[in-house]
Amino acid sequence: MDDRTPTRSDPPGDSNRSAQQKTWSTAFTTLCSIIGLLSWFLPDISLDRKILLTIVLLAAIVAVESRMAFIRERGKKIWDRRYLRVGVIGFAVTAIVAIALIFQLTATPGGPRSLSPSGPRKAAPNVTYAWNAFCAHRYLSRPADLVDPKEVAETDPAVDDPVLADDVWLDISVRRESEAELELTGIRIEEVGRNATPQTGVLVRPATGGCAEGTAQYAWRVELDEHPPAFSPVDLNTRPGEPVTRILLPYTIKAEHETFRLYFSSHGCACRFRVVLTWRHGGQQTVPTALPEDGRRFFVVPRGSLPAYRVEQPSDGRYSMIQETLTPSPPSGPARDAAPDRAR
């Protein structure tokens, strides 16, 4: 007589249910992985939002996988008794992922789109800018003997042409067109491309008597080597050695027309970027201002070890290039203050 206990086999329904659980778990994990991976290739999503979305997706995967493992280990009775709870947990996790995804895909440079009952946000204020690169060293990837000095002397670099970071500055002007309070609530650099210092090519500038700087109320120096780029204040109205007047954000636009200036510094980054400003008008957020507005990007390069030239026009009218021996100096104007003060 055989006293061995007969082996129990799981009913066919349990096997089918286990297979279905594994299929749905695999599909959910794959979907989350694809969404997380694709988010890193979307240029308009900031780094902090990409990290947040990745954390949410990983948490969702861990939650679902852990729950499925618990169900498989405890067996059919646990599954039956907690079927509703598992469904609720799965729905909650899926909802969190969906909300995070919608938040990412509808995000604008200044934040998520307004979902308030009043409708879309107000239009951005009247903002203009001047990219002062006309007398800057421009970077050319070809050797000096292939550069046409006449072209350098008679044409200004475009916004997206590479220029020496220390030579260029950006003036941003805003006009207040109503009595409603207008506030600058934030300013930041949105990086689009970051490359190493060029090792070949030349820096060439036209021969000028210096670049005249217009009037600006406040200025920042932007350290492009930092992650994210760091802002420090520059006082345009004090003498060397005096304390720097720091602008605090949000800043209320007091005059009918005000101008802000950004200087740039880079020692190891050939950077393509745009500048994003956020506003509040009449107590309501407006659409952010992204400069340049035409889809192009500002482009600056560091000094590095590139040879530098200036273009001269002798009396006979023929242009020539003279090699410079000194390191190019920053644009004229006040000395920069190195105390960190990130724009908020």
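Small disclaimer: the values here were computed from a predicted structure and weren't measured.
Rounding to the nearest 0.5 Å gives a distance of 11.5 Å between CG of Leu140 and OH of Tyr309. Rounding to the nearest 0.5 angstrom, the gap separating the OG1 atom in Thr252 from the CG atom in Leu182 is 8.5 Å. To the nearest 0.5 Å, the span separating CZ on Phe273 from CG on Leu291 amounts to 10.5 Å. Distance check, rounded to the nearest 0.5 Å: OG1 of Thr197 to CZ of Arg303 gives 11.5 Å. Once rounded to the nearest 0.5 Å, the distance linking NZ of Lys254 with CD of Glu181 reads 10.0 Å. Between the CH2 atom in Trp131 and the CG atom in Asp161 there is a gap of 11.0 Å [rounded to 0.5 Å].
Counting heavy-atom neighbours within 6.0 Å of Arg318 CZ, excluding the residue itself, gives a total of 12 or less. Within 6.0 Å of CD in Glu179 there are 12 or fewer heavy atoms belonging to other residues, nucleotides or ligands. Crowding of Arg194 atom CZ: a count of heavy atoms from other residues, nucleotides or ligands under 6.0 Å exceeding 12.
Under the 3.5 Å distance criterion, the side-chain polar atoms of Asn132 are left unmatched by any main-chain donor or acceptor of Val168. The main-chain N or O of Leu146 is found under 3.5 Å from a side-chain atom of Arg142 such that the two form a donor-acceptor pair. Side-chain atoms of Ser266 never come within 3.5 Å of backbone atoms of Val301 as a donor-acceptor pair (strictly under, hydrogens ignored). Side-chain N or O atoms of Ser173 include none that pairs as donor or acceptor with a backbone N or O of Thr259 at under 3.5 Å.
The shortest heavy-atom contact between Ala219 and Tyr263 is CB-CE1, 4.1 Å. Among all heavy-atom pairs drawn from Lys122 and Gly282, the shortest one is NZ-CA, 4.3 Å. Pairing each heavy atom of Pro206 with each of Ala136, the nearest pair is CD-O, 4.1 Å. Looking at every heavy atom in both residues, Thr286 comes nearest to Ala124 through OG1-CA, 4.0 Å. Of all the heavy atoms in Pro149 and Val311, the pair that sits closest is O-CG1, 3.5 Å.
For the residue pair Ser178/His281, the side-chain donor-acceptor check at 3.5 Å is satisfied. Side-chain atoms of Arg221 and Ser265 form a donor-acceptor pair, as typed in the model, at a separation below 3.5 Å. One side chain, Tyr251 or Glu258, offers a donor N or O that lies under 3.5 Å from an acceptor on the other. Defined by atom type and a distance below 3.5 Å, a donor-acceptor pair is present between the side-chain atoms of Thr289 and Trp279. Judged by distance alone, the side chains of Tyr319 and Glu154 do bring a donor and an acceptor atom under 3.5 Å apart. Between His137 and Glu324, the side chains place a donor N or O and an acceptor N or O closer than 3.5 Å (distance only, hydrogens not considered).
Under the 4.5 Å side-chain criterion, counting only non-hydrogen atoms from C-beta, Leu184 is in contact with Leu277. Counting heavy atoms from C-beta on, the side chains of Glu191 and Pro229 come closer than 4.5 Å. Between Asp160 and Phe298, every side-chain heavy-atom pair lies at or beyond the 4.5 Å cut-off. By the 4.5 Å heavy-atom criterion applied to side chains, His267 and Asp225 are counted as neighbours. When side chains are defined from C-beta on, Leu249 counts as touching Ile187, because their heavy atoms get closer than 4.5 Å. A 4.5 Å side-chain heavy-atom check between Arg205 and Val152 finds every atom pair outside the cut-off. At least one side-chain heavy atom of Phe264 sits less than 4.5 Å from a side-chain heavy atom of Leu224.
Between Phe260 and Tyr129, the distance separating the two ring centers is not shorter than 6.0 angstrom.
Relative ring orientation between Phe231 and Trp220 is described as perpendicular, the plane-to-plane angle rising above 60° on a 0-90° scale split at 30° and 60°.
Residue pairs satisfying the disulfide (SG to SG under 2.5 Å) criterion with at least one member in residues 255-297, sequence neighbours excluded, are listed as follows: Cys269-Cys271.
Note on Leu306: it does not cluster hydrophobically with Ile322, by side-chain heavy-atom contacts below 4.5 Å among ILVMFWY residues. Ile253 and Val287 sit in two unconnected hydrophobic clusters of ILVMFWY residues. Membership requires side-chain heavy atoms under 4.5 Å apart, directly or through other members.
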>> I'd like to know whether Leu164 forms a side chain to side chain contact (heavy atoms under 4.5 Å, CB included) with Val300, so could you lay out the CA-CA distance, the side-chain angles of the two residues, the decisive distance to 0.1 Å, and finally the verdict.
In response: CA-CA 6 Å; Leu164 185 63; Val300 299; over 6 Å; no
> Val204 and Met321: side chain to side chain contact (heavy atoms under 4.5 Å, CB included), yes or no, with the steps?
Replying inline: CA-CA 8 Å; Val204 185; Met321 294 206 313; 3.9 Å; yes
> Going through the distances and angles, do Ile189 and Val222 end up as a side chain to side chain contact (heavy atoms under 4.5 Å, CB included)?
Replying inline: CA-CA 9 Å; Ile189 301 297; Val222 183; 3.7 Å; yes
>> Evaluate Arg280 against Thr185 for side chain to side chain contact (heavy atoms under 4.5 Å, CB included), listing each step before the verdict.
In response: CA-CA 7 Å; Arg280 189 161 51 232; Thr185 59; 3.8 Å; yes
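Salt-bridge formation is detected for the pair Asp171/Arg261: a Lys NZ or Arg NE/NH1/NH2 atom is positioned less than 4.0 Å from an Asp or Glu carboxylate oxygen. Salt-bridge annotation for Arg176 and Glu256: absent, with no side-chain N of the basic residue lying under 4.0 Å from a carboxylate O of the acidic one. Between Asp294 and Arg296, at least one side-chain N (NZ, or NE/NH1/NH2) sits under 4.0 Å from a carboxylate O, which counts as a salt bridge.
Considering Ser141, Pro307, Pro143 in turn, Pro307 is the only one that fulfils the side-chain contact (heavy atoms from CB on, under 4.5 Å) rule with Val202.
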